[in-house]
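Treat the numbers as computed from the prediction; the structure is a model and nothing was measured.
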Amino acid sequence: MSRPVPTPKSLRARWITGLLALALPLGGAALAQPEIDPGDATWHIGLNALWGEGRNLDIYPVFEDGKWDRALATARRFNTSIHLIPEAEVEFDGTAFKGTLEVILTPDPWVPADGQTIDMTVEIEGRLRLNEDGTQHLVGGTYVAQLQGETVRGNLGGGVGATEPNWENARWTFRLNPTRRYDDENAAMVDLNLGVADGQVHWGTAGVTRRHNQAAPRTYPVDVSDLSVKGGTVTGTVRMPYRVIHPGGDADLTVVGELRGYRVQGLNGARLIVQALRDGEPEGPPRSYHGRGGAGRGGGREVSLDALWRHDLDDRPWVVPVADHVPPEPGEHPRLLFRRGDLPALRQKAQTEQGQAILQRLRYQLNAGDGRSLPAARNPNRGPQERDSADNPTSRAPIGGAFTMFHAAGYGFLWQITGDEHYARLGRECVQLMLDGQRDRDNRYSFRDPRGGLRAGVAIGAMALAYDLLYDSWDADFRKTVTQAIGGYAEGGNNQFT
């Protein structure tokens with residue numbers, strides 16, 4: 001029975017918790033003959049306190065025949081990505097080691113905020129010593145790192161563990177995050193899967209996903225004939241249609257991706273530089289992807305590629321004309337939820353028993369009384385907020401008892417359906433309250449100073465819906481005020497206009 005494939009968590013438990021002691025002093029017992037030969041093993045070298053106390057970079061190199069072969073790194077207090085060591089010049093004489101590492105700190109979807117890689121150079125120098133019972137090599141020494149213009153000095157910790165065998169036939173997975181802002185149009189992670197056996201890449205598939213721990217819902221066979229494998233390193237190019245990694249993209253584009261990936265036990269990391277091609281010529285700048293992945297034993301030789309993509313790749317144009325669609329005229333409102341031409345039929349439906357019940361419920365939602373006045377309760381907070389809904393009294397007000405950002409749209413709908421100008425006046429009052437900084441009953445939401453870009457989007461949507469429904473009831477100056485407030489809204493939800 002084969003052993004279970006180790007996960008990153010089990011690797012940490014094995015190499016760090018069970019086998020390794022961090023920041024160990026140099027010296028100690030003379031090297032004996034422990035069970036593991038450090039010249040053919042997987043090490044853990046911890047750069048202790050690289051970003052401050054308890055915030056380490058943990059490097060996992062594989063030594064073969066006494067030489068550094070490949071390595072990956074993790075930094076659990078920095079982000080969730082797998083970091084690369086593409087270049088290393090490390091000398092090891094069986095006891096002491098010394099050398100220089102080139103490290104690429106790679107982004108996950110959230111950290112660093114700019115979505116870019118960070119280059120770092122590290123000089124390490126240390127020795128191995130045995131633990132008390134003489135069965136485990138432990139790492140000690142010092143490091144000097146050049147990181148973002150600063151020099152960081154610290155101690156090394158770690159140890160040596162066995163390199164797991166029986167990886168000759170395996171599936172390799174890489175879920176690679178784009179090294180750019182996550183709101184970019186190409187922000188989806190590339191889910192690249194390879195079948196590796198007997199020193200060759202036998203098959204490959206690719207798709208897109210949004211999370212490191214989720215496989216792409218659909219994958220597509222890709223050309224891996226130019227990939228080569230040596231031990232735990234894969235290099236070369238992959239080719240695929242552009243739409244495989246960017247659904248909805250130009251169907252006439254193809255992609256060539258330069259891949260350099262590493263496997264350390266069951267942990268994978270890689271760099272993929274993607275270039276879109278049109279008729280064989282580059283189209284736009286190359287895009288870089290980095291990230292984490294894993295490997296599982298078996299399945300590397302043969303796979304039924306026909307079954308992986310359950311539907312044909314859709315190569316139809318992304319934008320097509322809608323049959324019988326009449327484009328809105330300039331100044332035509334409403335046009336978001338329904339068109340001006342839909343109003344006669346909607347007003348007729350409003351006279352039915354069901355329609356009357358819907359309008360009665362809307363009035364109650366707007367004001368628990370008769371719906372013909374604004375709710376009395378208003379969130380008293382103004383400006384940027386550090387706390388959420390439970391920290392203001394209106395969060396506990398009953399339905400229809402407190403002002404929200406969608407009151408304006410509600411009154412606007414009543415005006416459209418009933419034609420009663422009173423509702424138009426109430427809607428305009430609500431819009432003015434929003435412009436003046438009145439917060440929603442939920443303290444996170446406000447047109448001014450919302451709690452971040454996520455809530456800013458809702459605030460802009462609420463204002464846009466009110467604009468659409470109330471447009472014909474406003475004078476030109478007020479329309480211009482609201483237009484500028486929406487169109488000039490600053491990125492990230494700031495209450496300043498640009």
Side-chain angles (χ1 to χ4, degrees), residues 79 107-116 177-189 210-211 248 333-337 365-366 374-375 377-397 399 401-413 426-471 474 477-498:
N79 69 9
D108 68 7
W110 307 278
V111 178
D114 63 2
Q116 302 298 315
N177 192 63
T179 50
R180 53 191 61 246
R181 292 192 63 86
Y182 200 57
D183 56 4
D184 183 81
E185 63 174 356
N186 291 274
M189 298 178 191
R210 288 288 179 178
R211 298 178 64 87
H333 295 276
R335 58 200 268 182
L336 296 180
L337 301 182
Q365 294 273 36
L366 294 169
L374 298 184
R378 311 275 174 84
N379 188 332
N381 296 321
R382 293 290 187 276
Q385 299 292 302
E386 297 182 357
R387 297 179 178 178
D388 291 340
S389 301
D391 300 294
N392 79 84
T394 60
S395 67
R396 297 177 291 275
I399 291 176
F403 178 84
T404 74
M405 288 189 299
F406 285 92
H407 268 71
Y411 288 121
F413 180 77
L426 292 178
R428 175 165 174 161
E429 289 184 44
C430 292
V431 169
Q432 189 61 59
L433 286 171
M434 294 166 67
L435 293 173
D436 292 341
Q438 175 62 54
R439 303 192 77 80
D440 190 278
R441 62 179 291 169
D442 185 325
N443 207 41
R444 298 170 296 177
Y445 293 89
S446 177
F447 191 74
R448 306 281 193 176
D449 295 303
R451 283 282 300 276
L454 179 66
R455 279 87 191 193
V458 176
I460 295 171
M463 184 68 83
L465 188 55
Y467 178 90
D468 184 57
L469 293 170
L470 293 163
Y471 179 91
W474 294 344
D477 288 342
F478 195 68
R479 290 173 187 165
K480 182 177 180 180
T481 296
V482 178
T483 300
Q484 291 177 336
I486 296 173
Y489 206 82
E491 182 181 0
N494 191 295
N495 67 326
Q496 301 297 317
F497 300 140
T498 59

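Between Pro109 and Arg210, the closest side-chain pair of non-hydrogen atoms is not below 4.5 Å. For the pair Tyr467 and Val431, the minimum side-chain heavy-atom distance is 4.5 Å or more.
Rounding to the nearest 0.5 Å gives a distance of 11.0 Å between CZ of Arg378 and OG1 of Thr394. Considering CD1 of Ile399 and CG of Leu366, their distance stands at 12.0 Å, rounded to 0.5 Å. Note that the CG atom of Leu465 and the CZ atom of Phe406 stand 7.0 Å from one another [nearest 0.5 Å]. One distance of note links OG1 of Thr483 with CZ of Phe478; it measures 10.0 Å at 0.5 Å rounding. From Asp442, atom CG reaches atom CD of Gln385 across 11.0 Å, with rounding to the nearest 0.5 Å. Taking OG1 of Thr481 as the reference point, atom CD of Gln432 lies at 8.0 Å (rounded to 0.5 Å).
Scanning both residues, His407 and Pro375, for their nearest heavy atoms gives NE2-CG, 3.5 Å. In plain terms, the two heavy atoms of Tyr471 and Arg479 that are nearest each other are O-NE, 3.1 Å. In this structure, Tyr489 and Ser446 approach most closely via the heavy-atom pair OH-O, 4.3 Å. Of all non-hydrogen atoms in Pro107 and Pro178, the two that sit nearest each other are CG-O, 4.4 Å. Residues Asn443 and Asn392 share a closest heavy-atom pair of CB-ND2, 3.5 Å. Heavy atoms only, all atoms of each residue included: Phe447 and Ile460 are closest at CE1-CA, 4.3 Å.
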Criterion side chain to side chain contact (heavy atoms under 4.5 Å, CB included) on Trp110 and Asn177, from CA distance to verdict = CA-CA 10 Å; Trp110 307 278; Asn177 192 63; over 6 Å; no
Report the C-alpha separation of Val482 and Trp474 in whole Å, then their side-chain angles, then the decisive distance to 0.1 Å, and conclude whether the side chain to side chain contact (heavy atoms under 4.5 Å, CB included) test is met.
-> CA-CA 10 Å; Val482 178; Trp474 294 344; 3.8 Å; yes
Chi angles and distances behind the side chain to side chain contact (heavy atoms under 4.5 Å, CB included) call for Leu374, Phe403 = CA-CA 8 Å; Leu374 298 184; Phe403 178 84; 5.8 Å; no
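Between the side chain of Arg444 and the backbone N or O of Arg455 there is no donor-acceptor pair closer than 3.5 Å. A donor-acceptor contact shorter than 3.5 Å links the side chain of Arg439 to the backbone of Gly383. At least one donor-acceptor pair under 3.5 Å links the side chain of Asp468 to the backbone N or O of Leu336. For the pair Gln438 (side chain) and Asn379 (backbone), a donor-acceptor distance under 3.5 Å is present. At distances below 3.5 Å, at least one donor-acceptor pair connects side-chain atoms of Arg448 with backbone N or O atoms of Leu435.
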